[in-house]
Amino acid sequence: MTTDNGRPAIFITGGASGMGLETALLFAERGWFVGVFDVNREGIERAREQIGDDRGHFAYLDVTQADAFEQAIADFGAASGGRLDLMFNNAGIAASGMIDDQPWDEIRRIIDINLMGVIIGVRAATPLLRQTQGSLCLTTSSSSALFGTAGIGIYSATKHAVRGLTEALSIELKRYGVRAADLLPGLIDTPLLTDGIRAMAPAEGAWRLVHPREVAETVWRAYHEDQLHWYIPEELRDFHRAVVDKPEAVRDERAGRKSAI
Ligand code: NAI
């Protein structure tokens, strides 16, 4: 299918659920052509029903597979009229466990999806991003990239890596006129969260439960404004300042708690 070249286009990994799905819905509502890519086939079909084939491209993609990713970008480019205005490297998993308890295959899987999947996505998308004026390469990092979260140390490590990668890309990709930014979400009410974490979230402040629609609105702002790090909610910026000023105080305060939040 070839679409109107006048429509801006967004490619979303992990687009079948949570923050990715909300972002797909919001951008489709606002006239963008949306690419929904995921390993969740039922979720992809649900997204297709909600958005419609005239407003999007819906396909299975495992972000850890480099060849498949390049093919997905080629298919998307053919459907979007050769443009990619926003590449949203968002897919991720969160398996918890202390470092000495977590099995090796689970550790490798988290790194493969959360970090290698983003690296593969950025490399695959760069040629099409270069072709599209004013384009943005956006990644989903996490508040776990501000201070490592006990009990999800490997996850935190991948999200730190994604933040560092994005900072480097924000300079590297400038030579092609492509911008880079990341999301630093706190607790977003998606299927990724356990019921235990959801129940412990406070009503207010940096660690309140945020609706994924707020993330979608932030993706919208990230495209339209020039900012490198997006805190969701904004109060996380103060937490980040506290981490930089007094990491030992943050460590000691967290070590005294029953839960990571
Ligand atoms: P979600 O579980 O609702 O969505 C994640 C999607 O990624 C799922 O549809 C899943 O099928 C897909 N996925 C998993 N492995 C994949 C693979 N190999 N290839 C392609 N797709 C794959 O969770 P949510 O919350 O929307 O997560 C999106 C991103 O946000 C993740 O990177 C997550 O780490 C990050 N994040 C989430 C937070 C939260 O509180 N929910 C907080 C901070 C960051």
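One-based numbering, in listed order, for ligands and for the atoms of each.
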**Message:** Are Phe69 and Phe11, when compared by the centres of their aromatic rings, separated by less than 6.0 Å?
**Reply:** yes
**Request:** Assert yes or no for the condition that the ring centre distance of Phe37 to His57 is strictly below 6.0 Å.
**Result:** yes
Determine whether any heavy atom of [X] lies closer than 4.0 Å to an atom of ligand 1.
X      : answer
Pro212 : no
Tyr155 : yes
Ala94  : no

Can you establish whether the number of heavy atoms outside [X] located under 6.0 Å from its atom [atom1] is more than 12?
X      : atom1 : value
Glu204 : CD    : no
Asp101 : CG    : yes
Glu42  : CD    : no

Any idea which of [options] brings a heavy atom closest to [atom]?
atom                    : options                      : value
atom 41 (N) of ligand 1 : Ile110, Ile197, Thr190       : Thr190
atom 15 (N) of ligand 1 : Leu61, Asp112, Ile113, Val63 : Ile113
atom 5 (C) of ligand 1  : Gly18, Gly92, Gly117         : Gly92
atom 17 (C) of ligand 1 : Asp38, Asn90, Val39          : Val39

4.5 Å side-chain heavy-atom contact, [X] and [Y]:
X      : Y      : value
Thr13  : Asp38  : no
Arg237 : His229 : no
Ile120 : Gln65  : no
Ile73  : Met87  : yes
Leu184 : Ser142 : no

Protein heavy atom at shortest distance from [atom]:
atom                    : result
atom 43 (C) of ligand 1 : Pro185 O, 3.4 Å
atom 27 (O) of ligand 1 : Leu192 CD1, 4.0 Å
atom 40 (O) of ligand 1 : Ile188 N, 2.8 Å

**Message:** Assess whether a salt bridge exists between Arg130 and Glu172, defined as any Lys/Arg side-chain N lying under 4.0 Å from an Asp/Glu carboxylate O.
**Reply:** no
In ligand 1, which numbered atoms sit nearer than 4.0 Å to a non-hydrogen atom of [X]?
X      : value
Leu187 : 40 (O)
Leu193 : 40 (O)
Gly14  : 6 (C), 7 (O), 12 (C)
Thr140 : 29 (C), 30 (O), 35 (C)
Asp62  : 17 (C), 18 (N), 19 (N)
Gly186 : 40 (O), 42 (C), 43 (C)

**Message:** Can you tell me which portion of Ser141 lies within the under-4.0 Å heavy-atom range of ligand 1? Options are side chain, backbone, both, or neither.
**Reply:** backbone
**Request:** Tell me which part of Ile93 gets within contact of ligand 1: side chain, backbone, both or neither, using heavy atoms under 4.0 Å.
**Result:** side chain
Check this for me - ligand 1, [X], N or O atoms closer than 3.5 angstrom, yes or no?
X      : answer
Ser17  : yes
Lys159 : yes
Asn40  : no
Met19  : yes

**Prompt:** Taking the six-membered ring of Phe147, is the NZ or CZ of Arg251 close enough (under 6.0 Å from the centre) and on axis enough (within 45°)?
**Reply:** no
**Complete:** ring pair (Phe, Tyr, Trp, His ring centres under 6.0 Å) test vs Phe27 passes for just one of Phe88, Trp32, Phe33, namely Trp32
